[in-house]
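Values below: every heavy atom of this structure, side chains too, minus hydrogens, waters and symmetry copies. Just follow the structure's listing: the first ligand is 1, and inside any ligand the first atom is 1. Since we're looking at a predicted model, the values are computed, not measured.
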Amino acid sequence: MLNQSLALANIKKLASKDLNEMDLVINAKLDEREKLVQDITYHIINSGGKRLRPILSILSAKLFGYEGKRHINLSAAVEFIHTATLLHDDVVDHSNLRRGRPTANKNWNNKSSILVGDFLFSQAFVLMAEDGDIEVLKILSKAASIIAEGEVKQLYSIANLDLSIEQYMSIISAKTAELFAAACQVGAIVAGADESAKLNMYNFGLSLGKAFQIMDDVLDYVANDNSLGKNIGDDFQEAKVTLPVIIAYQRSDNFERVFWNKVIDIKLQEDGDFMQALKIFNKYNIIETCADIAKKSVDEAKACLSMVPKSVIRNSLMDVLDFCVDRKF
Ligand code: GRG
């Protein structure tokens, strides 16, 4: 955990000045707003989020030698979109703990979370409009639409034990990886990178985002509650079929499949069922298999980075990749 925090702190070093400026932009957008908007936004935005997506925008801009300021406001837009999705997601998932604190829906209520999420989402568009680049607007608005559609896809695959790995990858690509991809691409755009470099950064972010979400889904089963800042076992309780369950179900014998049908399909969960799921994971090396799949995405992301000239910033992006798969929070 300490090593992980150090790794993140190291990554943040190169971006820290810009991240501070981004925070000023975020705070300025909250000045003189409704008290509830401020309370909920400060509650979530100052609660120790990793800031991975704005870091990616900032580093991607620097990777191509950008020395201007546009990436500051645009990374704030990216973080606003991310924060809006978190507020909405916690309502959809009935979550009550995020970043080690009660979620906004728990502290206030669902309606307030949704509406403040809408406010933050719209502030992202204000920032993009102020920036005035239609290419950036296209990419981030497309990302927002893909994220929302990914969530809808996920909603309709809940409790579907026959979900394939390909279908799962398409869901996580939409709901999570797309914003990582857009964040990277936006950095390359403001820096004036050429078309192939912009696409390469998009692909880098997409692969990174997939690896990130796979590990997120793994951590939901095996993390240490205190370091994750969320409740472990939420996905199991919600009967959300993620990669560990998909592979475990595929490998299970008939007897074990009866168990999965009971806890996921019928959603009849009793004391000890979560432990039973972990036992089955253990028997079939599920966590290792998921980590291997994440590693494939990491390798794809590394291949994208290898097309960019060596630099301190490129090394730092490599570190982001390693952090995303090794992380405990
Ligand atoms: C408002 C565009 C819009 C859509 C709403 C509910 C919803 C539709 C989307 C949810 C998407 C979502 C939250 C996907 C999960 C991504 C994920 C694992 C987020 C956690 O990211 P971290 O760990 O968070 O980077 P921190 O706390 O570090 O910022």
What atoms of ligand 1 come within less than 4.0 Å of a heavy atom belonging to [X]?
| X | result |
| --- | --- |
| His88 | 1 (C), 5 (C), 6 (C) |
| Phe121 | 2 (C) |
| Ala144 | 2 (C) |
| Asp216 | 18 (C) |
| Ile147 | 9 (C), 11 (C) |
| Gln213 | 15 (C), 16 (C), 17 (C), 18 (C) |
| Lys175 | 11 (C), 14 (C) |
| Phe212 | 18 (C), 21 (O), 22 (P), 23 (O), 25 (O) |

Is Arg53 in contact with ligand 1, taking contact as a heavy-atom separation below 4.0 Å?
->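 A heavy atom of Arg53 does come that close to ligand 1.
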
Gly117 near ligand 1, heavy-atom distance under 4.0 Å?
->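 It does not, in that no heavy atom of Gly117 comes within the 4.0 Å cut-off of ligand 1.
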
Taking all heavy atoms of Leu268 and all of Asp273, pick out the closest pair and write down the distance.
->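 Smallest interatomic distance, heavy atoms only, reads O-OD2, 3.8 Å.
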
So is Asp89 polar-close to ligand 1, meaning N/O to N/O under 3.5 Å?
->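 No; the residue has no nitrogen or oxygen that sits under 3.5 Å from a nitrogen or oxygen of the ligand.
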
Return yes or no for this condition: an N or O of Lys50 is under 3.5 Å from an N or O of ligand 1.
->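 Such a contact does occur with ligand 1.
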
Without swapping roles, check the side chain of Ser60 against the backbone of Leu56 for a donor-acceptor pair under 3.5 Å.
->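 Yes: the side chain of Ser60 pairs with the backbone of Leu56.
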
Ignoring hydrogens and angles, tell me if any N or O in the side chain of Asp90 forms a donor-acceptor pair with the backbone of Arg98 under 3.5 Å.
-> no

Just one of Lys175, Lys230, Lys50 clears the salt bridge (charged side-chain N to carboxylate O under 4.0 Å, His left out) bar with Asp216, so which one?
->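 Only one of Lys175, Lys230, Lys50 forms a salt bridge (charged side-chain N to carboxylate O under 4.0 Å, His left out) with Asp216, namely Lys230.
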
So, Glu256 versus Tyr284: side-chain donor-acceptor pair below 3.5 Å or not?
-> yes

Which of Leu219, Ile172, Val298 passes side-chain contact (heavy atoms from CB on, under 4.5 Å) with Ile214? Answer is Ile172

Is the Tyr221 ring parallel, tilted or perpendicular to the Phe236 ring (thresholds 30°, 60°)?
-> perpendicular

How does Thr176 reach ligand 1, by side chain, by backbone, by both or by neither, if only non-hydrogen atoms under 4.0 Å count?
->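 Only the side chain of Thr176 comes within reach of ligand 1.
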
Stepwise side-chain contact (heavy atoms from CB on, under 4.5 Å) test for Thr176 and Phe212 = CA-CA 8 Å; Thr176 304; Phe212 177 90; 4.0 Å; yes

Mark yes or no: Arg33 above the aromatic ring of Phe119, with NZ or CZ under 6.0 Å from the six-membered ring centre and no more than 45 degrees from the axis.
-> no

